[in-house]
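The model shown is predicted, which means the values in this text are computed figures rather than measured ones. Numbers restart at 1 for each chain; the letters A, B, ... are given by sequence-line order, proteins then strands.
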Number of protein chains: 6
Amino acid sequence: MRLLLINPNTTQALTERLAAAARTVLPPDAELVTMTARRGFAYISSRAEAQLAGAEVLSMLAEKAGTFDAAIIAAFGDPGLSAARELFDIPVTGMSEAAMVTALSLGERFAFVTFTPQLAPWYGEKVTRMGLGARFSGTFTPEDSFENIGTVAEDLRTPLLKTCITASRKADCLILAGAPIAGLAGEIENDVPAMLIDPIRAATIQAAGLARLYPKGASRGSFKRPPAKPSQGIDAVLASWIGRKEEP
Amino acid sequence: MRLLLINPNTTQALTERLAAAARTVLPPDAELVTMTARRGFAYISSRAEAQLAGAEVLSMLAEKAGTFDAAIIAAFGDPGLSAARELFDIPVTGMSEAAMVTALSLGERFAFVTFTPQLAPWYGEKVTRMGLGARFSGTFTPEDSFENIGTVAEDLRTPLLKTCITASRKADCLILAGAPIAGLAGEIENDVPAMLIDPIRAATIQAAGLARLYPKGASRGSFKRPPAKPSQGIDAVLASWIGRKEEP
Amino acid sequence: MRLLLINPNTTQALTERLAAAARTVLPPDAELVTMTARRGFAYISSRAEAQLAGAEVLSMLAEKAGTFDAAIIAAFGDPGLSAARELFDIPVTGMSEAAMVTALSLGERFAFVTFTPQLAPWYGEKVTRMGLGARFSGTFTPEDSFENIGTVAEDLRTPLLKTCITASRKADCLILAGAPIAGLAGEIENDVPAMLIDPIRAATIQAAGLARLYPKGASRGSFKRPPAKPSQGIDAVLASWIGRKEEP
Amino acid sequence: MRLLLINPNTTQALTERLAAAARTVLPPDAELVTMTARRGFAYISSRAEAQLAGAEVLSMLAEKAGTFDAAIIAAFGDPGLSAARELFDIPVTGMSEAAMVTALSLGERFAFVTFTPQLAPWYGEKVTRMGLGARFSGTFTPEDSFENIGTVAEDLRTPLLKTCITASRKADCLILAGAPIAGLAGEIENDVPAMLIDPIRAATIQAAGLARLYPKGASRGSFKRPPAKPSQGIDAVLASWIGRKEEP
Amino acid sequence: MRLLLINPNTTQALTERLAAAARTVLPPDAELVTMTARRGFAYISSRAEAQLAGAEVLSMLAEKAGTFDAAIIAAFGDPGLSAARELFDIPVTGMSEAAMVTALSLGERFAFVTFTPQLAPWYGEKVTRMGLGARFSGTFTPEDSFENIGTVAEDLRTPLLKTCITASRKADCLILAGAPIAGLAGEIENDVPAMLIDPIRAATIQAAGLARLYPKGASRGSFKRPPAKPSQGIDAVLASWIGRKEEP
Amino acid sequence: MRLLLINPNTTQALTERLAAAARTVLPPDAELVTMTARRGFAYISSRAEAQLAGAEVLSMLAEKAGTFDAAIIAAFGDPGLSAARELFDIPVTGMSEAAMVTALSLGERFAFVTFTPQLAPWYGEKVTRMGLGARFSGTFTPEDSFENIGTVAEDLRTPLLKTCITASRKADCLILAGAPIAGLAGEIENDVPAMLIDPIRAATIQAAGLARLYPKGASRGSFKRPPAKPSQGIDAVLASWIGRKEEP
């Protein structure tokens, strides 16, 4: 089983952090390959940036089409996720969706913990849009600010741990939201009285599981691949994929 | 007041149909200017196409930044709407959101009527994501198929009218969903026992209203314009807008 | 376009405050006329008072029937709103409904800010009844008490501003709820990091917009004007309107 | 225990029908006294009529204040219910609320059955406003029309029975909605495979129960009786009750 | 009318406390008989313990089948409630369900107050599962710990009163959750600005009311008694009840 | 990785059917062992039977405690699931929960298809209780009755396929609900235009995934194992597990 981890951010170091966390939970028959966005932003932190990153994710998937068994969109906002499910006939997972879905099977209520209040409204919006508001206790963040997104997991480790302890009073499961803190869950879980969910691990496990269950992905219903369609002015590889005539 | 109607589809005839409907409700101090997408698809009919169209919408808005008082995204899926609200300091409205919001002030329950069952799941998804499921009675479509998207409003006029009459038993307001049937509401409203909402008219009125109330748009809260940010590989005008240094 | 602003409270000074705020956003072709309740309470602050005020609103509308293009019920509880939509064939808007509906197009989450905790439960009830709980962050009020309802906007200006700043952490849009603080939004908006919604402005803009879209108001579906009906013991003008034989 | 059954309709025959059904479930220590509206409509069938009837209900309660242990508002729309709970220090129940609340303890899902589709949207609105949409399966009505509201329970008995049988496929409990069909549940219950709820019986039992639990009614929280307040132009007895100085 | 109060906990003293509170609201024609679990736990405080207690409740009901008019499951988690409604043709009520249902008729929002934060997540889960989240303000508990579950109502009386006063800011009605504090509501209600609901009183009143309305209980719809069925290895009396051939 | 498949029904043939379906998706490092209930019912088809089966599931898990890495409760009602998560420190999954959670990542809306309308209300209840009503399109069943629960998948194959095709108009994913039709999804998936979810496969994949992510199961938050507690009269092995002193 070949899994493709797509980092929609353009930062290679982030790809490596995400891959390291993902590899801790790989099934024995799975191989993980990574890919870093060439267009876009060093770190996606707004709806607008995610809108553009979603288009890049589709191009990346088109480029690798037919060579993987499942793909993981490795940014917490899941840019391009539902579009990818339509276009490609392999399972595609996203960090925020996979984390929430995992939370539903571990406890009654879940919360988000992230490293900056700036991301909280957008992240919380994901829950409402999934229709999971009845199981959600809110987003918790440290008061402290950070200087370097690349080392925020280390720099804010103590405040994040404290935030997790506080959030544990409101939820059974805490989702450590945001790619820059991938892997942190494994390091602090013994000090927190709630379950910790590392979204990249959840998304990797989910991708592997869906690949066993649905080798062709979400290929039916309203997520069936749309009919071939001409386009103009979009990325050539993607345009070719969308417009191809040979589709069954 | 200058309003920019952006058609995210690449079909010029559709832009004209939309503008004609919009002009029937323009306030006397408003001028409507149109713009048609140069990249993308003749007619957006999937989540994947909307993902790409949303990026194009942002580029179009960047190109016209500073020259309009409000903008209307004239496709029923509202591609790029929340991203546009973040990036630009004018009000931006979308056809599906404006139609739903109008329905809330006209009746207790609303329904969608559209011309093909293929669009129903994606359109219905919009309601759930808005958190308005408690007011929604479903999506109704004719059984008949159509041949030409450009004349579907005329070709399916009778089946659409019958569908509206059926849907009237379930809802106070019917939203005639989809840009290709813009204007139809005005033609059949006397024959339908429910209120008819023409999304492009609703979006135009809403754009004009918000321009009076909020000349700078949704420029605060989590929709505040993100800080300047470098990018790579995206549309040059948009990249310049996102990355500009002179932002206050 | 002639808009009728109905103040369901019996305080003339409040009518003037409301009208002043409304006039800041009038379209050029709209004229605003005001009317103050002759029966009822100086300031409505309970469900029971609103129940009675709603009946008075219907009488006021019956008295002016046929002479206006749209009406605004200018009290935050929207007394008589849905009843008015049934009985009269012009658009009718209310302050709380219009404010909430505006919030849906400006941000993801909204909150109420009002001047006394006594009103909070009743106001919050409005949100649940609209079915908008998934987008609502609660009602925020100052701890300070006030002495004079007529000058509460001035007397509590600083505490209200502080409350707005606090509430900004939880919501993109703040609705300044309650007729006595009409106009305050315009004065403090530069000091608050969220969008401020002044309900009377929102209701005025909405009334003007609906008058363009639906000159006959919510005149179909379950809000269609009920058949003529005899009554006994109710206000004569209203009884005549409800019982008239000449209705088409 | 003295229970006051208030019929907000002006039809005496309806009061008698309601009282007859209520008396079948009276506890041995309860006495039922009835009162028929002197102002209003023969039969309330719209939001506007209910708005006015709610004011009359408050006047009727004010007239009898201090002489009853609990009151029942005997119209399915519950006109004036929450206002009555605020103003009077005895338990007050309503037919639709009591019926829904009873359904929650008898089954998982409930539905309404009523005698005309005209009432369906307004009745269904009650469910959404109670926040009980997740337990509701819709409103079912016969296709047949009726001529005389006074004998609709008899005239449409067969179609209503058929409608109940159909609705039984969708719900565990059926609420026979509308005062004119009070008592019908008892007559057809053996022929219907779902539980039947007669709203007037449910409201009577609930009034008696609340009178035992809360002799002083819902007199705290946001339903606490508002402070004394002057008014102008409203019903004299009610004005005196609202404005009394001697309130503790 | 004979009411059976079943204490699913094995503590006799708790049965007496519950019965004492229940007797304060008994209708004159009702007799209350109690029964204490012989199998299970001194005090149920987890989902697992409730799972087992629910089975014991069914056995207790089978043992008394045919000798009572209604039954009350006197533990806040309502163990075995929906199963009991299926199996037995008398009304069966539970403390948490009855308390919530009562709250819906007394105010807009309700909250839980209980004596330990350990029970809060499980109790809150009950609300979500009932579909009443839109009316719920959360669970409030004292910070203080207790030593003896048998005297917690007395030992934590002051902290519980303080907690009630705090919770009153968020809700109209407070449900004093948990059998060990049965009766406390009656003692502190004059000191709390919200309505207090004593679940055992609510459940008793509801059982008496349903016995008048539905002498055969929830005996139709999906709660109809299942067909006779053989079993193996379960409690003999219960097995005989479930497997009996003579069922009509 | 050792996975324990617990069949809460007492029918060995059903265990074999479930295991056969589960084995089609086992990861290479997983071994599946099965266990069939010794107490209870041949086939669980009511809330009451599930209440009792849940207790048996806990006994079965206690008997095998410490010898497995994860467990699957193989009945669609998930009897004892949340109780099992509390008591045992391994992941435990259930067929209905796992199927719903899988559906959230494959499409926007899901529906149930099952073989008899008798099960529909209880199964639908599961969705509401999970808080997933906004994503659910209802339960679909054939009209045909069946004679033998052991061969219902074969006997009703054609009607079930037709039902799936009908349900495909309302949902992206169809959950084939009920242990007796385990495996059917794999046989008919090519003939159905929606995604088919086989709950036992989904539960098996989820158990394997959670075992990688959370070797100790839902062992924190409100699902933390309760403190040791004495009991009386319950199954000896389970009583010993619940009451053990050596717990950390």
Side-chain angles (χ1 to χ4, degrees), chain D residues 1 24-30 81-82 85 91-94 97-98 100-110 130-136 168 171-174 189 192-198 201-202 204-214 216-224, chain E residues 1 24-30 81-82 85 91-94 97-98 100-110 130-136 168 171-174 189 192-198 201-202 204-214 216-224:
Chain D
M1 180 191 307
T24 62
V25 295
L26 271 190
D29 58 343
L81 180 59
S82 62
R85 286 203 176 121
V92 186
T93 68
E97 188 190 82
M100 285 189 266
V101 147
T102 299
L104 296 182
S105 299
L106 286 175
E108 178 62 18
R109 295 181 78 82
F110 65 93
M130 279 282 282
L132 298 179
R135 304 285 290 267
F136 183 55
S168 297
D172 296 316
C173 299
L174 308 180
E189 64 191 353
V192 177
M195 304 292 296
L196 293 187
I197 296 179
D198 186 346
R201 292 191 197 176
T204 303
I205 284 289
Q206 193 191 49
L210 290 177
R212 284 189 222 285
L213 284 167
Y214 299 98
K216 301 184 70 177
S219 56
R220 293 163 188 268
S222 78
F223 284 87
K224 191 181 171 200
Chain E
M1 182 190 303
T24 62
V25 295
L26 272 190
D29 58 344
L81 180 59
S82 61
R85 285 200 177 124
V92 187
T93 67
E97 187 190 83
M100 285 189 265
V101 147
T102 299
L104 296 181
S105 298
L106 286 174
E108 178 64 18
R109 294 180 78 82
F110 66 92
M130 277 283 281
L132 298 179
R135 306 284 290 268
F136 183 54
S168 297
D172 296 317
C173 300
L174 309 181
E189 66 190 352
V192 176
M195 303 294 294
L196 294 186
I197 295 179
D198 186 344
R201 292 191 197 177
T204 302
I205 284 289
Q206 194 193 48
L210 289 176
R212 285 187 221 287
L213 284 165
Y214 298 97
K216 299 185 71 178
S219 57
R220 292 162 188 268
S222 78
F223 285 87
K224 190 183 171 198

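Looking at E:Pro193, only its backbone comes within 4.5 Å of chain D, counting heavy atoms on both sides. D:Leu196 touches chain E through its backbone: at least one of N, CA, C or O sits under 4.5 Å from a heavy atom, while the side chain does not. Interface residue D:Glu108: backbone and side-chain heavy atoms are both found under 4.5 Å from chain E. For D:Ser82, no part lies near chain E; criterion is any non-hydrogen pair under 4.5 Å. Contacts of D:Gln206 with chain E are made by side-chain atoms alone, with heavy-atom separations under 4.5 Å and no backbone atom involved. Proximity to chain E involves both the backbone and the side chain of D:Ser105, based on heavy atoms less than 4.5 angstrom apart. Contact of E:Ser222 with chain D is made through backbone and side chain together, with heavy-atom distances under 4.5 Å.
Ranked by non-hydrogen atom pairs under 4.5 Å with chain E, the options D:Asp172, D:Asp198, D:Leu81 are led by D:Asp172. Contacts with chain D were tallied for E:Gly131, E:Gly94, E:Ala194; E:Ala194 has the most, counting heavy-atom pairs under 4.5 Å. Looking only at heavy-atom pairs under 4.5 Å with chain E, the residue among D:Thr102, D:Ile197, D:Leu132, D:Leu26 that has the most is D:Ile197. For the options E:Gly107, E:Ala30, E:Ala134, heavy-atom pairs under 4.5 Å to chain D are most numerous at E:Gly107. Interface check for chain E: of the options D:Leu174, D:Thr24, D:Asp29, the most heavy-atom pairs under 4.5 Å are formed by D:Asp29.
What you find for E:Pro28 and D:Arg212 is that their closest heavy atoms are CD-NH1, 3.8 Å. Heavy atoms only, all atoms of each residue included: E:Glu189 and D:Arg220 are closest at O-NH1, 3.1 Å. Taking every heavy atom of both residues into account, D:Tyr214 and E:Leu106 meet most closely at CE1-CD1, 3.5 Å.
Within the 3.5 Å criterion, the main-chain N or O of E:Met130 finds a donor-acceptor partner in the side chain of D:Arg135. Side-chain atoms of E:Arg201 do not come within 3.5 Å of backbone N or O of D:Leu213 as any donor-acceptor pair.
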